Amino acid sequence: MSGAQKYIERDLDCTDTQIEILIGILDLYSLVGSAAAGRTSDWIGRRYTIVLAGAIFFVGAILMGFATNYAFLMVGRFVAGIGVGYALMIAPVYTAEVSPASARGFLTSFPEVFINVGILLGYVSNYAFSKLPLHLGWRFMLGVGAIPSIFLALGVLGMPESPRWLVMQGRLGDAKKVLDKTSDSLEESKLRLARIKEAARIPEDFNDDVVQVSKRSHGEGIWKELLIYPTPTVRHILLAAVGIHFFQQASGIGAVVLYSVRIFEKAGIVKDTPQLLATIAVGFVKTMFILVATFFLDKIGRRPLLLASIGGMIASLTTLGFALTIIDHSDHKITWAIALCFIGILSYVAFFSIGMGPITWVYSSEIFPLRLRAQGCSMGVAMNRVVSGIIGMTFISLYKAISIGGAFFVFTGFATIGFIFFYTLFPETRGKNLEEVEKVFGTFFRWRSRQAELDRQKETVASEK
């Protein structure tokens, strides 16, 4: 949509307000998908929920590709948005539940990695299809998204179901087979199964291939436990999960990805081809740095990467706001300020991709207890999409009201608050299994003392052995 928007505006004679609504509304539509995804994935399984998301993506892309007017295009955005909501919720949950603890950060960052590959391919296809006649170019840019959705739906059919979902259905035999294949050793497989059974409240001595599971494990009472009667642990986890999703989007990544062509235009790059080539550079840097991040998530840890990432984003946003303000107030071309804008955007997406991008999904998918995971993650995704949608639907109006530089200073402010929030409230989760993670939560600002206490307990147990 980043490159297609200017061609849609010309072909369908849309206003700026119609364009920003068209761009941002997909995120609000995705709320329908993310709200339904938690219950759907508990009902039909994580794997078939991803197949369903792929089918919805396919229909949405086809509808947008064949749109004849603005209203038809909005219908396509609505369908595609539901698919986005499903996929954003279920992909990290499924990956976290299949992965062994040793590689969970690396593997759970994959959804974000391939979102970035998709963004890069989108920028490249925008450039390729921009050479077509006006009425065809933007339709191909949007319709081509139907192709990867077919591979997604078919590819997932060859993958195993989540062992945690299988246990919640009482299918212990099937869960054991999956855990044996996806664990580093048979001992780890047995340990993972025991912890999942404990979290699902299945007695330890229940070892048949199929067992009866209490109705509570199927999702009843989950929303009460999350929102009405949360324990301090659940409250801390919910605050962390929803908070990280809020700050990921409030720091402006959606504006940079979706409106990069307009930002480059405001920076002084006025011709279509250089603008589209500049967006490809943004997509390439974003993808390369997220690949780097995947290799460090399980070595360095979530917390150091997250804090380094948002610190770099604050510096980049400040630089970008400063350079755009100078250009905005100048009556002639300032080459160094244009270069500074370009560097500021590239450094911003690079810092975002080494931490804030992948860690949001990794962290929020691994901190919830099993019984609350699907619904808890769907709440995080809902916050993510609401904030992204608001920014997408108001960015043009915002920069017209307070200037383009001013808009980026607003994002700087949110990122700074986010840094303080993460520093004070976020425990490290690297190397802990999903059932251990929740023990660190519940003390809010005093999580460090709780972590030290748990470490002492581990040392005591190890020395007794």
Side-chain angles (χ1 to χ4, degrees), residues 1-30 56-84 115 118-150 254-283 345 388-401 404 407:
M1 188 54 80
S2 176
Q5 60 184 275
K6 58 162 41 181
Y7 302 107
I8 294 170
E9 197 167 11
R10 292 171 194 167
D11 190 31
L12 302 183
D13 196 26
C14 300
T15 64
D16 278 349
T17 302
Q18 285 179 309
I19 288 296
E20 65 181 356
I21 290 171
L22 181 69
I23 289 172
I25 200 76
L26 178 129
D27 290 315
L28 299 188
Y29 289 154
S30 74
I56 297 169
F57 276 135
F58 179 81
V59 174
I62 293 296
L63 287 173
M64 289 190 289
F66 284 97
T68 52
N69 54 43
Y70 184 80
F72 196 157
L73 194 53
M74 284 292 271
V75 172
R77 292 293 274 176
F78 174 71
V79 175
I82 293 173
V84 168
I115 285 171
I119 289 168
L120 176 58
L121 291 175
Y123 287 149
V124 171
S125 70
N126 286 344
Y127 176 71
F129 294 130
S130 68
K131 309 302 178 188
L132 293 175
L134 179 64
H135 69 287
L136 287 177
W138 66 264
R139 288 182 169 90
F140 272 96
M141 291 175 191
L142 301 181
V144 75
I147 296 170
S149 65
I150 297 168
V256 171
V257 169
L258 291 169
Y259 292 101
S260 51
V261 169
R262 286 177 183 261
I263 295 166
F264 285 127
E265 188 177 352
K266 287 285 182 183
I269 302 171
V270 291
K271 292 183 179 177
D272 285 2
T273 299
Q275 286 173 2
L276 292 172
L277 287 171
T279 64
I280 291 174
V282 170
I345 289 174
S388 179
I390 290 169
I391 288 172
M393 291 172 70
T394 59
F395 182 68
I396 296 173
S397 301
L398 178 67
Y399 75 64
K400 282 182 176 178
I404 187 81

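The structure presented is a predicted model; accordingly, all values stated were derived computationally and were not measured.
- Nearest heavy atoms, Ala146 versus Ile62: CB-CD1, 3.9 Å.
- With Ile19 as the fixed residue, the side chain to side chain contact (heavy atoms under 4.5 Å, CB included) test singles out one of Lys6, Met393, Glu9: Glu9.
- Across all non-hydrogen atoms, the minimal contact from Gly60 to Val79 is N-CG1, 3.6 Å.
- Proximity of a side-chain donor or acceptor of Tyr259 to a complementary backbone N or O of Gly392 within less than 3.5 Å is detected.
- Other residues, nucleotides and ligands contribute only 12 or fewer heavy atoms inside 6.0 Å of the NZ atom of Lys271.
- Rounding to the nearest 0.5 Å gives a distance of 10.0 Å between OH of Tyr123 and CD1 of Ile280.
- Note that CE of Met64 and CE of Met141 are 13.5 Å apart. Values are rounded to the nearest 0.5 Å.
- The closest side-chain heavy-atom distance from Leu142 to Leu73 is below 4.5 Å.
- Looking at every heavy atom in both residues, Ser388 comes nearest to Asp27 through OG-OD2, 2.8 Å.
- The aromatic ring centroids of Phe395 and Tyr399 lie less than 6.0 Å from each other.
- Looking only at side-chain heavy atoms (C-beta outward), Met74 and Tyr29 come within less than 4.5 Å of each other.
- Each of Ile21, Asp13, Ile8 was compared with Tyr70 under the side chain to side chain contact (heavy atoms under 4.5 Å, CB included) criterion, and only Ile21 meets it.
- A distance of 8.0 Å separates CG in Leu276 from OG in Ser2, rounded to the nearest 0.5 Å.
- Here Gln5 pairs with Arg262 under the side-chain hydrogen bond (donor to acceptor under 3.5 Å, both in side chains) rule; sequence neighbours left out.
- Side chain of Arg77 to main chain of Ile23: a donor-acceptor pair is present (N/O by atom type, distance under 3.5 Å, no hydrogens or angles).
- Heavy atoms only, all atoms of each residue included: Thr273 and Lys131 are closest at OG1-NZ, 3.5 Å.
- Here the CG-NE2 distance, from Leu12 to His135, works out to 12.0 Å after rounding to the nearest 0.5 Å.
- A side-chain donor-acceptor contact under 3.5 Å links Arg139 to the backbone of Ala67.
- Looking at heavy atoms from C-beta onward, Val257 lies in side-chain contact with Ile119 at the 4.5 angstrom threshold.
- If you take CD on Glu265 and CD1 on Ile404, they are separated by 10.0 Å, rounding to the nearest 0.5 Å.
- For Leu132 against Leu136, the heavy-atom pair with the smallest separation is CB-CB, 4.4 Å.
- Residues Val84 and Leu26 approach most closely at CG2-CD2, 3.9 Å, considering heavy atoms.
- When the shell of 6.0 Å around CZ of Phe66 is examined, it contains 12 or fewer heavy atoms from other residues, nucleotides or ligands.
- Judged purely by atom type and a 3.5 angstrom limit, Asp11 has no side-chain atom pairing as donor or acceptor with the backbone of Tyr7.
- Here Ile263 contributes atom CD1 and Ile269 contributes atom CD1; the two are 11.0 Å apart, rounded to the nearest 0.5 Å.
- The closest side-chain heavy-atom distance from Ile345 to Phe264 is below 4.5 Å.
- For Ser397, the side-chain hydrogen bond (donor to acceptor under 3.5 Å, both in side chains) criterion is met by Glu20, not counting sequence neighbours.
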